[in-house]
Asks: 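Questions regarding the structure given below will be posed in turn.
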Amino acid sequence: MTEETPSGGRRSLARMLGIGLVASVLGVGLGLAIDWFPVQASTQASTIDTLYDVLIAVSVPIFVLVSVVVLYCVWRFRARPGQELEDGAPIHGDTRLEVIWTALPAVLLIALCTYAFVALDDIEAAQPDERRIRVTAQQYAWSFEYPNPRGGEPIRAEELVLVEGETVRFDIRALDVIHSFWVPAFRMKRDAVPGITTQLRITPNRRGRYPVVCAELCGLGHAFMRATANVVSRQEFDAWMAQQTQGTQERGG
Amino acid sequence: MAMKLRAPGWYRATAFVGLGVLFALGLTSAVRAASGLDPVIAGEAWLLVGLIAVPLFFLVGIGCFDYWFRWAAGKPTVPEDHSSHGAHSWRDYFRVNTDHKVIGIQYVVTSFFFLFIGGAVAMIMRAELAQPGTQIVDGQTFNGLFSVHAALLIFLFIIPVFAGLANYVIPLMIGAPDMAFPRLNALSFWMLPVAGTMMVASFLVGPFASGWTAYAPLSTTQPIGQMFFTIGVQFAGASSIATALNFLVTIITMRAPGLSFFRLPLLVWANFSTSLLVVIATPFIAASQFFVLLDYGLGFNFFSASRNGDVLMYQHVFWFYSHPAVYIMMLPGFGIVSEILAVKARKPIFGYRMMAFSLLAIVVLGFTVWAHHMFVSGMQDWIRVPMMVTTAIIAVPTGIKIFSWLATLWRGVLHIDTPMLFALGFLTMFTLGGISGVALAMLPFVIHVSDSYFIVAHIHYVLFGGSLFTVYAGVYYWFPKMTGRMYDETLGKVHFWVTFIMFNVTFAPMHLVGIEGMPRRVSDYPEQFASWNLAISVASIFLGLSTLIFVYNMVSSWVGGPKATANPWRALTLEWQVSSPPPIFNFDAVPTVVGGPYEYGVPGAVHGVFPDPDKDGADAAKQQPATTPSVAQ
């Protein structure tokens, strides 16, 4: 290596490009192979997970590019014995290169934003026949209110019971400080803010029990402010609802 | 003794602190008595007023205001004997000093002191998080730990340590004898230990526990410990604003002859941009914390929903400062890295003008992205999309900088020593932080990961892998200039590698646990996250211990390191053209700048010329062979 003069010509560039390409492919492969997300339990989850895969595929080559250039320069252009007092090539800039690395990232970012905007529209789209559930957050518990099918007092539950395949619109409110309603398996989150009602739309599509988490620091019990979202079939839900309405009637009677 | 109590210093400061305590007691008791409140002596009211009054009494006592008071009282001015200029022994660092070089070192050492406290606090946190369940601290104390950790490291470390390095270097770099307002500079510094002591002292009454973000109405309904943050931030913020004004005036008015803006080293550009951000943005956090103080102390109900308060307004005002603040915590680092890469690669900075303009672009764009911290906050939906676009676009000027640094390395002659290692480490780690930042702009994704450990990972890649790496790079780089001694290169390299590896082992897995569903700011977590958290906690111990290598190197080298020459790095910028450490007023003769700061490899290039002391200073510059073939950039 020592015979070569550190000129950094076309061959150097090509060699570096080759290394970068291989490293990028490996990196993207690794990024996609990692099991990042919890189980997908809503239609929103698959949209978001796909977006993340795209982000991995775009990001990894950029990181690899920077790292490979740094490592290659360290290896190729480091001061060899005898070069202690030498200087590098007095290159002050290159307008064409600078235009490229300003314009190209801008185009890429606008493209990503457009994609993200479409995806956002997709996951937040209103659906016909949404069930409305009221979520109430207070230090340090969640409660859920369903409209009473027989009219009268709404049904209150400590557990969030949802129907598989049915879109739910949550009306979220807080009684004391800010909380945040998050179900990682659904990938969706919205703060519960005192004084206003916030909305969130989720379409669960996989039966099972998933944690409901408070994501906004709300005081000493924040870490323990958890509930369960139970996604069930329509029959199971109806049975549960019947049981609940009976409960309210007994209490009311 | 009476003399000592009259002269500025620690005796008088102690006496004045006592007076401040009595003043707070007297004021609260008098007001309570007059209002018919019972009891007349109320501990919390006394403490709250004391938190504001005692620091002011302290600042008067230590001597920050002596000159101005004298002037205001119409007393004959004391002829300036420069007795408060320069440090002749270590004791001078514990006095009110107006020398920017002394203040710079005071800043840096004080900031590092709070870095170590903040780091130790983080290690207690990681100990608690090593296993699920509650082992060491309860929920409220844990909330206090991460709140104090973040508040110290943001307001008492990253922001002031950059101000400290710049304080030392910038007057030297621009050929000035000092900062524009040396007394204001001293006052700026002394507000810092006040703010830091206040935040640490909150442990005496139960630390503030609503995060460094102090979201209302949680912060307005917390125990009294919260006020140690609310008021402490005011002192740190005032310090920050005063320093920024000082930098702006210094940079605009005190440049050496010939030092036009486009001949300024990029560190000066970076601090110019940062100071603009500070001056415009910092009043907003001051406002947000005054709102909290008034809500808490006097029942103003700005943020109580039941009294028509607006809870989201707090977040808007807070982030209107705190987003620009992330650039306040990064731009000076960009400046440091530009200096180091040019000198250590022996090459001009690639695309100097774009490097300067991209800083200004970040300043402007930095004010258009604040609500991306509020994507799931429940604010109006439509504003999220424009904020997503601006947040993504701000990566363009940052990208210009990264690519220009890479191009600066290309075909250089790279000297891979400790400052260079940290600069290169910054380049790669900050790129990762930037990439996760772009991911966090993408709305559907951020809905899932906001307030999760993914955010914790991102901010540590930006602030630790980004800012702290540049701070280390800068401290090693200017250590010879500041102390007149060389640091130990081997220890420096060991420090870098241990930090670099353990940093990644600590923070990289946090991306994963965040996406998997672990929220941030929790003292406990489900079993499924246990193994990653244990690994993170173990790595964080080594990351914490790595700072001991740094401390040992700094202290032992300062005491007994080999003497440094004036210009050990063969740099062109002006601070290296004077002795190490520099003379008391920096330049025995004012230099004239005749070329760009990074003309490495250009034959015969000169940045500044110094008049020959033997000849008449006025026309000496002309007699120097000012050969500058490619000055024009």
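We name chains A, B, ... by the order of the sequence lines, and we start the count at 1 in each one.
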Asks: Considering only heavy atoms, which portion of S404(B) lies under 4.5 Å from any heavy atom of chain A: side chain, backbone, both, or neither?
Replies: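 Contact with chain A involves both backbone and side-chain atoms of S404(B).
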Asks: Please name the pair of heavy atoms, one in K189(A) and one in V376(B), separated by the smallest distance, quoted to 0.1 Å.
Replies: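 For K189(A) versus V376(B), the nearest heavy atoms are O-CG1, 3.7 Å.
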Asks: W101(A), F224(A), F63(A): which one forms the most heavy-atom pairs within less than 4.5 Å of chain B?
Replies: W101(A)
Asks: Is any NZ, NE, NH1 or NH2 atom of the basic residue among E124(A) and R384(B) found under 4.0 Å from an Asp or Glu carboxylate oxygen of the other?
Replies: yes
Asks: Measuring only between side-chain heavy atoms, which start at C-beta, is P90(A) closer than 4.5 Å to Y600(B)?
Replies: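 Counting from C-beta outward, P90(A) and Y600(B) never come under 4.5 Å.
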Asks: Which residues in residues 52-60 of chain A have a heavy atom less than 4.5 Å from any heavy atom of chain B?
Replies: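 Expected list: Y52(A), L55(A), S59(A).
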Asks: Enumerate the residue pairs fulfilling salt bridge (charged side-chain N to carboxylate O under 4.0 Å, His left out) with a member in residues 436-454 of chain B, sequence neighbours excluded, ordered by first and then second residue.
Replies: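 Listed by first then second residue: D451(B)-R520(B).
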Asks: Quick one: of T102(A), V39(A), I172(A), who has the most non-hydrogen atom pairs under 4.5 Å with chain B?
Replies: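 Looking at each option in turn, the highest pair count goes to T102(A).
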Asks: Which atoms of W36(A) come close to chain B, meaning under 4.5 Å heavy atom to heavy atom: side chain ones, backbone ones, both, or neither?
Replies: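 Both backbone and side chain.
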Asks: Considering residues, nucleotides and ligands other than F117(A), do more than 12 of their heavy atoms fall under 6.0 Å from its CZ?
Replies: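 No, because the 6.0 Å sphere around CZ of F117(A) holds 12 heavy atoms or fewer from other groups.
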Asks: May I ask you to name which of I62(A), I123(A), V74(A), I196(A) has the most heavy-atom pairs under 4.5 Å with chain B?
Replies: V74(A)
Asks: Give a yes or no on whether the backbone of V413(B) and the side-chain of D87(A) come within a donor-acceptor separation of less than 3.5 Å.
Replies: no
Asks: So which residue, D381(B), N308(B), I416(B), ends up with the most heavy-atom pairs under 4.5 Å with chain A?
Replies: I416(B)
Asks: Any idea which of G517(B), A345(B), P526(B) has the most non-hydrogen atom pairs under 4.5 angstrom with chain A?
Replies: G517(B)
Asks: With L218(B) as reference, evaluate E216(A), H222(A), Q139(A) under the side-chain contact (heavy atoms from CB on, under 4.5 Å) test and give the passing residue.
Replies: Q139(A)
Asks: Using a distance-only test with no angle check, is there a side-chain donor-acceptor pair under 3.5 angstrom linking E599(B) and H92(A)?
Replies: yes
Asks: Using non-hydrogen atoms and a 4.5 Å limit, figure out which bit of D524(B) sits close to chain A: side chain, backbone, both or neither.
Replies: both
Asks: When heavy-atom pairs shorter than 4.5 Å are enumerated against chain B, which of I34(A), V183(A), I48(A) gives the highest number?
Replies: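 Heavy-atom pair counts peak at I48(A).
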